[in-house]
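I have placed the structure first, in the form of structure tokens, so that the comments after it can refer back to it.
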There are 2 protein chains.
Amino acid sequence: MTADISPASAPETLSLRERKKLRTRAALVDTALALFTERGFDGVTLDELCEAVEVSKRTFFRNFASKEQVASAPLEALWDGLRDDVEHLSFDGAPVLEVLQEALLVSLARMDDSGAWVTRVRQSRELAELTPSITAYGLQYCDRTSAAIEATLQRRLSLDPADPRPRLALDLLVASFHAALRAWTAKPGTPTHAALAAELRSVFAVLPGALTFSRA
Amino acid sequence: MTADISPASAPETLSLRERKKLRTRAALVDTALALFTERGFDGVTLDELCEAVEVSKRTFFRNFASKEQVASAPLEALWDGLRDDVEHLSFDGAPVLEVLQEALLVSLARMDDSGAWVTRVRQSRELAELTPSITAYGLQYCDRTSAAIEATLQRRLSLDPADPRPRLALDLLVASFHAALRAWTAKPGTPTHAALAAELRSVFAVLPGALTFSRA
DNA sequence: TAGGCTTATGCTCCTCAGTAGCACTTTGTG
DNA sequence: CACAAAGTGCTACTGAGGAGCATAAGCCTA
């Protein structure tokens, strides 16, 4: 289920067919981000996108569930990575939230492919800011992924399903990431992978203060 | 901008035209929730809904921005109330998050109209659980409202726009409410307004623990 | 109370996202 | 080499949502 995008990360172990599919997928994402950025999300029809990639609409919907998803693909890869990792994390001793924070940083580090992913994320982010339906899709995706991770946590840590804390911890993680993303997008200049990781660490650091701060 | 639904809360101070509009709006919400609950969100077309209420599709879209919104209307009234209240809250001394938590409970108390609102919320919630697009719309609405409240906080408390804490506090508030809603929906029996308020207080109480808890 | 103004409403036509059926091609396998 | 399985193109269809234009209902001033 992991949504991989970068053609570079398609090793020879995959069959010819699978590599071709990944190439089609990557082309759709790249072309979509370019066209949406140029003419706006609503200014590009799926027919135009499919024509640009020389693919039928049928093929598009075999790769993506919606027009919004193709614009959100870069961030989905990050969260899919985290979701899969949670299955094998060690939770001994450390607070769950801290373990999840570290895991998110690890998943983020895995996305570091000399700038391509970061560029796509930036485009995706700017599109989401202009397009409510992309925001809506992204939030729903986070919600669904959080629910899946919560289920894994409950199983692996033998938690009471009624305990709201694991889900709250996940919502905290998601909120932190979105805050980091906003700060990162707001900064001028070329956005780097390292800068995003730094923003994220910085938000993690001030998180406890969000519960207690009062007017200056 | 406040989306009021209950016909009972339409005092005589409103003009005839405004009261009629509110009645149409309320009828659309009630009929929509009933039809969606009966046959599923996707099993009811807008044309059917409009025919049942004896209203044209044009009128529907003057009252609601989308099919999803009409199913989310009850909760929007709650958050709209909070958004408007933040303009006049006192933030002296107490932590911002605590003030917001109290304000949310006040807005919730204002929704207490002898069961009608609670019933609609329950229906809305159950629909959202079955229908991703309703979830997506609701999350996007929360995101937008949170951004509006954050702007108010920044202005009233003279905060640095780059400070992530107010937005994190709001995301925490939203996450708490959703957790309370989940717990409340999961409970069997007739759901009451008081029970929802109790769930919410209970989540607020365990919130700090969400940052620090570890495996049992 | 008559007339004019504003605003909601209905009607109709349109675009486009997303689905489904069917036939064709390509790739992996016995 | 043949057969199974999966991806793809083509086409036709449904339904959400928007736009233009005309009408009606409520509101306001003389």
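Chain naming here is simple, since letters A, B, ... match the order of the sequence lines and numbering starts at 1 in each. This one's a predicted model, so the numbers in the text were calculated from it and none came from an experiment.
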Proximity to the side chain of A:Leu46 - top-ranked nucleotide from C:dA17, C:dG10, D:dG9:
C:dA17

For A:Phe61 and D:dC10, what is the distance between atoms CZ and C1' respectively, to the nearest whole Å?
16 Å

Starting from P on C:dG18, measure out to CG on A:Leu49 and report it in whole angstrom.
12 Å

Does C:dG10 have OP1 or OP2 under 4.0 Å away from a side-chain N or O of B:Lys57?
no

Between A:Val44 and A:Arg62, which residue's closest nucleotide on DNA chain C lies nearer the 5′ terminus?
A:Val44

B:Phe60 CZ to C:dG10 P: how many Å, rounded?
13 Å

Between B:Phe41 (CZ) and D:dG15 (P), how many Å, whole number?
14 Å

To the nearest angstrom, the CD-C1' distance between A:Glu68 and C:dC16 comes to 12 Å

Atom CD of A:Glu48 and atom P of C:dT15: how far apart are they, to the nearest Å?
13 Å

What is the distance, to the nearest angstrom, from the NZ atom on B:Lys21 to the P atom on C:dA8?
4 Å

When you check the gap from the basic side-chain N to the acidic O, do A:Arg155 and A:Glu87 get nearer than 4.0 Å?
yes

Taking C-beta and beyond as the side chain, do B:Phe60 and B:Val70 meet within less than 4.5 Å on heavy atoms?
yes

Between P on D:dA16 and CD on B:Gln69, what's the gap in Å once rounded to a whole number?
16 Å

Compare the minimum distances between each of D:dA16, C:dG10, C:dT19 and the side chain of B:Val55, then state the nucleotide with the smallest one.
C:dG10

Does A:Arg110 make a cation-pi contact with A:Trp117, if we ask for NZ or CZ under 6.0 Å from the ring centre and within 45° of the axis?
no

If you look at every strand shown and take non-hydrogen atoms under 4.0 Å, does B:Glu54 touch a base, only sugar-phosphate, or nothing?
sugar-phosphate

Answer whether the closest heavy-atom distance between the side chains of B:Ser72 and B:Tyr141 falls below 4.5 Å.
no

Measure from the side-chain heavy atoms of B:Ser56 and tell me the nearest of C:dG18, D:dG7, C:dT9.
C:dT9

Tell me whether the side-chain N or O atoms of A:Arg58 pair up with the base of C:dG18 as donor and acceptor below 3.5 Å, since no angle test is needed here.
no

Look up atom CZ in A:Phe41 and atom OG in A:Ser133, then write down how far apart they are to the nearest 0.5 Å.
4.5 Å

D:dG7 OP1/OP2 closer than 4.0 Å to side-chain N/O of A:Thr24:
no

Among D:dA16, C:dA17, D:dG20, the nucleotide that comes nearest once only the side chain of B:Lys67 is considered
D:dA16

